[in-house]
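Worksheet for the structure shown next.
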Amino acid sequence: LDPRGPTDFNRPAKMPVDETALAPLVQAETATAIRAEFRKVEGQYTDPTGAQVNVTSAIVEHWLEDVKRAGRERYIPFLPSVIEDPYEIWVGFARNELTGQIYLRRRYAKAIRIGKNKYLSMVFDAIDGKWASFNAFVGNAPSNDMRAGRLLWGRCWG
C-alpha cells in the first residue's frame, strides 16, 4: 500500500470543510426506512474526472446484516456529493480481508460541517466503477486519516 499523503502532493495537510444544506437522517432505524432512503440516491454518478460510479444497494444490505450497525446509514443523503463534488480522489491498492485478493481502489474524500462545531468526514471507495465501501467519521474536527495513496484529482484551494 502506498503510504503517501496530502503533503507529498503539495496539498493542505488539513482537508477544508464544505458547507451544505443537507442533514444526517434522523429516522433511519428500520431496514425498511434505510432502504427507502437509499433508493433516493441509488444510481450512476459521474466524478470530476469523468469516471462513472454505480451506487447499488449491495452495501446497504451488508449494513442491514450488521447487528451493531456503525450508524453510516444516517449519512446516505451525502453519498452523491462525495462522488460528484469530492475534495480529493485518491487511488491505491486494497486487499480483501476475506479472499486476500488485491484491487485498485478509487477513494473519494470530503469533509462537511453538520453543526456549529461538528464535522462529518467521509470516504467513499469504488472498485471497477462500483461502490465498494463508505465510512463516515463525526467529530469536532475533520479527519485526515483517509487521504493516502496516489492523488488522482484534487479540488483547487486558495
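Below, all heavy atoms of this structure are taken into account, side chains as well, without hydrogens, waters or symmetry copies.
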What is the distance from atom [atom1] of [X] to atom [atom2] of [Y], rounded to the nearest 0.5 Å?
X      : Y     : atom1 : atom2 : answer
Ile112 : Met15 : CD1   : CE    : 10.5 Å
Leu64  : Thr30 : CG    : OG1   : 9.0 Å
Cys156 : Tyr87 : SG    : OH    : 9.0 Å
Phe134 : Ile83 : CZ    : CD1   : 9.5 Å
Ile34  : Arg72 : CD1   : CZ    : 11.0 Å
Asn144 : Lys14 : CG    : NZ    : 7.5 Å

Just so I know, are the side chains of [X] and [Y] near enough to count as touching, which here means a heavy-atom distance under 4.5 Å?
X      : Y      : result
Tyr119 : Ser143 : no
Arg4   : Trp90  : no
Asp85  : Lys110 : yes
Phe137 : Leu120 : no
Pro48  : Pro86  : yes

Does [X] share a hydrophobic cluster with [Y], counting links as ILVMFWY side-chain heavy atoms below 4.5 Å and allowing steps through other members?
X      : Y      : answer
Val123 : Tyr103 : no
Leu22  : Tyr75  : yes
Val60  : Ile127 : no

How would you list, by chain and number, every residue that makes a salt bridge (Lys or Arg N to Asp or Glu O under 4.0 Å) with [X], sequence neighbours excluded?
X     : answer
Glu19 : Arg113
Lys40 : Glu37
Asp8  : none
Arg35 : Glu61

Inset, instruction - Just do the side chain to side chain contact (heavy atoms under 4.5 Å, CB included) check on Arg155 and Asp18 with the steps written out, would you? - result: CA-CA 12 Å; Arg155 188 188 313 153; Asp18 289 350; 2.8 Å; yes

Could you pull out the closest heavy-atom pair between [X] and [Y], with the gap in Å?
X     : Y      : answer
Ile59 : Ala132 : CD1-O, 3.1 Å
Val17 : Pro142 : CG2-CG, 3.3 Å
Pro6  : Ala13  : CG-O, 4.4 Å

Test of understanding: with side chain to side chain contact (heavy atoms under 4.5 Å, CB included), list the residues that count as partners of [X], not counting sequence neighbours.
X      : answer
Ser133 : Asp125
Lys118 : Ile114, Val138
Thr99  : Asn96, Gln101
Ser57  : Phe38, Glu42

Inset, instruction - Mind checking side chain to side chain donor-acceptor pair (under 3.5 Å) for Thr49 and listing every partner two or more places apart, or none if nothing turns up? - result: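 Counting only residues at least two positions away or on another chain, Thr49 forms a side chain to side chain donor-acceptor pair (under 3.5 Å) with Asp47, Arg106.
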
Inset, instruction - List for me each residue that meets side chain to side chain donor-acceptor pair (under 3.5 Å) alongside Thr46, sequence neighbours excluded, and say none if there are none. - result: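 Residues passing side chain to side chain donor-acceptor pair (under 3.5 Å) with Thr46: Gln52.
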
Legend entry - Set of residues satisfying ring-ring contact (aromatic ring centres under 6.0 Å, His included) with respect to Tyr108, sequence neighbours excluded: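 So Tyr108 forms a ring-ring contact (aromatic ring centres under 6.0 Å, His included) with Phe124.
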
Inset, instruction - Say whether, by atom type as modelled, one donor and one acceptor occur between the side chain of Tyr45 and the main chain of Val41 under 3.5 angstrom. - result: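 Pair found, side chain donor or acceptor close to backbone of Val41.
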
Inset, instruction - Return each pair, listed once, that meets salt bridge (charged side-chain N to carboxylate O under 4.0 Å, His left out) where at least one residue sits in residues 140-154; pairs must be two or more places apart or across chains. - result: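 Of all non-adjacent pairs touching residues 140-154, those that pass salt bridge (charged side-chain N to carboxylate O under 4.0 Å, His left out) are Asp2-Arg150, Glu88-Arg147.
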
